[in-house]
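Contents: one structure, followed by commentary.
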Amino acid sequence: MNTRFLETFLRVASLGSFRAAAQQLNVSQATVSSRISSLETEFSAQLFDREHHEVRLTAAGTLMLEKAQRVIAAEASLRETMSIVTVGAGRVRLGLVSSVVHTWLGELISEIATAFPKLELELTVEPTNSLASQFERGALDLLITTDETQAEMVSTMPLPPLQLAWFTSEALAASLPSGVLTIPDIADLPLITFTRKSRPYLSTLELFNAHHLRPPVLHCVTSLAAIVRLTERGLGVATLPCGSDLESRTLVRLNLEAQLPDLPLYCTWHQTSDAELYRAISELAVACAKAHGVATTL
């Protein structure tokens, strides 16, 4: 089946005239008639009633109309999607949080390189608030952060979240009670978490507040690598994403009754001429985040 013939059918149905359709398509009226005849032969059905100098859809033509519209729309969508591969050259300024850098960013870069081999990436790793400011003033094209952005001419796609857990050094873990731990069991230890007002920071305070407790020391660190290094030195209990490439044998995951909520993630991009490219990259990010989530639960 030739989709050009379906386009011709839709044009005739819309205009109610073979001649008008021929003029819009810049072809002869005989060509339009030939294309319609080919469709009628292929489907063994008369599509138009041509009597009394009028062109009206028959019952069969009416049935075909909606289906033909779907086929043409699907073809247009496919062509638009595949054109991204050839358009995907140049540079994308991607801002992301460190939790993504140390979990599934490597997989995402690999997927992007495969899909868009000519595309250059400029990566900026900052806390969510800083990235949002840069994005707002146009310094970044695409974000992967923990906050959903709602603004005009901006699109947002949710990603599978990151699982968070409590970690500490072997020495500190050995000093804690055996079995399932509670917040009071770690209440006297320093805590190491993300930046102030970040989701992990606020979640940690909420869990302590629920027990009418407050950490004696609460270190707020922008770098995930720094959090790991401080924790390895036995300086406290840390909140970290599971499956991080920074995890080491010297870190122990605590079996704490009070579980941390997952860390939400979102892809956000400007609605510019490259919006479809940004959407395609976001869809790759969804797949990578999902695969990482599955791996960490095994």
Side-chain angles (χ1 to χ4, degrees), residues 95-105 124-133 143-149 156 158-169 172-173 176 180-248 251-268 285 288-290 292-293 295-297:
L96 62 164
V97 291
S98 60
S99 295
V100 172
V101 173
H102 294 293
T103 49
W104 47 265
L105 177 63
T124 299
V125 183
E126 297 281 356
T128 291
N129 290 341
S130 175
L131 293 173
S133 297
L143 297 182
I144 303 178
T145 63
T146 60
D147 287 347
E148 183 177 9
T149 301
T156 299
L159 306 178
L162 285 173
Q163 182 184 3
L164 295 177
W166 306 89
F167 292 83
T168 193
S169 65
L172 274 183
L176 296 172
V180 180
L181 301 174
T182 62
I183 291 294
D185 291 328
I186 63 170
D188 295 331
L189 297 174
L191 294 183
I192 310 169
T193 188
F194 294 49
T195 55
R196 195 173 300 274
K197 296 184 180 180
S198 66
R199 289 178 182 269
Y201 172 89
L202 295 174
S203 298
T204 299
L205 287 185
E206 288 176 4
L207 291 174
F208 272 74
N209 289 337
H211 290 81
H212 306 289
L213 296 170
R214 186 170 182 82
V217 177
L218 184 55
H219 300 296
C220 301
V221 185
T222 59
S223 167
L224 203 66
I227 293 177
V228 171
R229 298 297 174 260
L230 294 175
T231 309
E232 289 177 330
R233 295 290 297 271
L235 297 181
V237 173
T239 59
L240 290 167
C242 298
S244 165
D245 58 15
L246 294 171
E247 288 184 23
S248 65
L251 283 184
V252 177
R253 178 174 174 178
L254 298 179
N255 185 12
L256 209 68
E257 183 180 52
Q259 296 185 0
L260 291 160
D262 290 345
L263 186 66
L265 294 173
Y266 301 91
C267 272
T268 304
C288 292
K290 183 177 181 180
H292 176 82
T296 56
T297 57

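The residues of the chain are indexed from 1 along the displayed sequence.
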Should Arg229 and Leu246 be marked as a side-chain contact (heavy atoms from CB on, under 4.5 Å) after you check the CA-CA gap, both sets of side-chain angles, and the distance that decides it?
-> CA-CA 9 Å; Arg229 298 297 174 260; Leu246 294 171; 4.2 Å; yes

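- Residues Leu235 and Leu172 have side chains not in contact (no heavy-atom distance under 4.5 Å, counting atoms from C-beta outward).
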For the pair Val228 and Phe167, evaluate side-chain contact (heavy atoms from CB on, under 4.5 Å) and give the outcome as yes or no after the intermediate values.
-> CA-CA 9 Å; Val228 171; Phe167 292 83; over 6 Å; no

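- For His292 (side chain) and Ser244 (main-chain N/O), no donor-acceptor pair under 3.5 Å exists by modelled atom type.
- Contact detail for Cys288 and Trp104: the closest heavy-atom pair is CB-CE3, 3.8 Å.
- Contact of the Leu218 side chain with the Leu205 side chain is registered, since non-hydrogen atoms from C-beta on lie closer than 4.5 Å.
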Carefully, step by step, assess Leu159 and Cys267 under the rule side-chain contact (heavy atoms from CB on, under 4.5 Å).
-> CA-CA 7 Å; Leu159 306 178; Cys267 272; 3.8 Å; yes

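- Of the inter-residue distances, the one linking Leu191 atom CG with Arg214 atom CZ reads 10.5 Å to the nearest 0.5 angstrom.
- Counting heavy atoms from C-beta on, the side chains of Trp166 and Thr239 come closer than 4.5 Å.
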Residues Leu256, Ile183; criterion side-chain contact (heavy atoms from CB on, under 4.5 Å); working and verdict | CA-CA 7 Å; Leu256 209 68; Ile183 291 294; 4.1 Å; yes

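- The local environment of CD in Gln259 is sparse, with at most 12 non-hydrogen atoms from other residues, nucleotides or ligands closer than 6.0 Å.
- Residues Pro241 and Leu263 are not in side-chain contact: their nearest non-hydrogen atoms beyond the backbone lie 4.5 Å or more apart.
- Residues Thr231 and Gly236 share a closest heavy-atom pair of CG2-O, 3.8 Å.
- Thr222 contributes atom OG1, which lies 8.0 Å from atom CD of Glu126 (distance to the nearest 0.5 angstrom).
- Taking each heavy atom of Thr296 and Cys242 in turn, the nearest pair found is CG2-O, 3.6 Å.
- Considering all non-hydrogen atoms of both residues, Thr124 and Leu131 come closest at O-CD2, 3.7 Å.
- Residues Leu240 and Leu251 form a side-chain contact, since some pair of their non-hydrogen atoms from C-beta on lies under 4.5 Å apart.
- You'll find the side chain of Phe194 stays beyond 4.5 Å of the side chain of Thr146, heavy atoms only.
- Considering only residues two or more places apart in sequence or on other chains, Pro161 meets the side-chain contact (heavy atoms from CB on, under 4.5 Å) condition with Asp262.
- Side chain of Thr195 to backbone of Val221: no donor-acceptor contact under 3.5 angstrom is found.
- Going from atom CD of Glu232 over to atom CD1 of Ile227 covers 12.0 Å, rounded to the nearest 0.5 Å.
- The nearest pair of heavy atoms linking Pro184 to Leu213 is CA-CD1, 4.0 Å.
- In this structure Arg253 satisfies the salt bridge (charged side-chain N to carboxylate O under 4.0 Å, His left out) test with no other residue, sequence neighbours excluded.
- For the atom pair Leu96 CG and Thr145 OG1, the distance stands at 9.5 Å (nearest 0.5 Å).
- Pairs of residues two or more places apart, or lying in two chains, that qualify as side-chain hydrogen bond (donor to acceptor under 3.5 Å, both in side chains) and include a residue from residues 199-212 are Asp147-Arg199, Arg196-Tyr201.
- Note: His219 NE2 to Thr193 OG1 = 11.5 Å, rounded to the nearest 0.5 Å.
- Minimum heavy-atom separation, Leu265 to Pro160: CD1-O, 4.0 Å.
- Residues Leu176 and Leu254 have side chains in contact (heavy-atom distance under 4.5 Å, counting atoms from C-beta outward).
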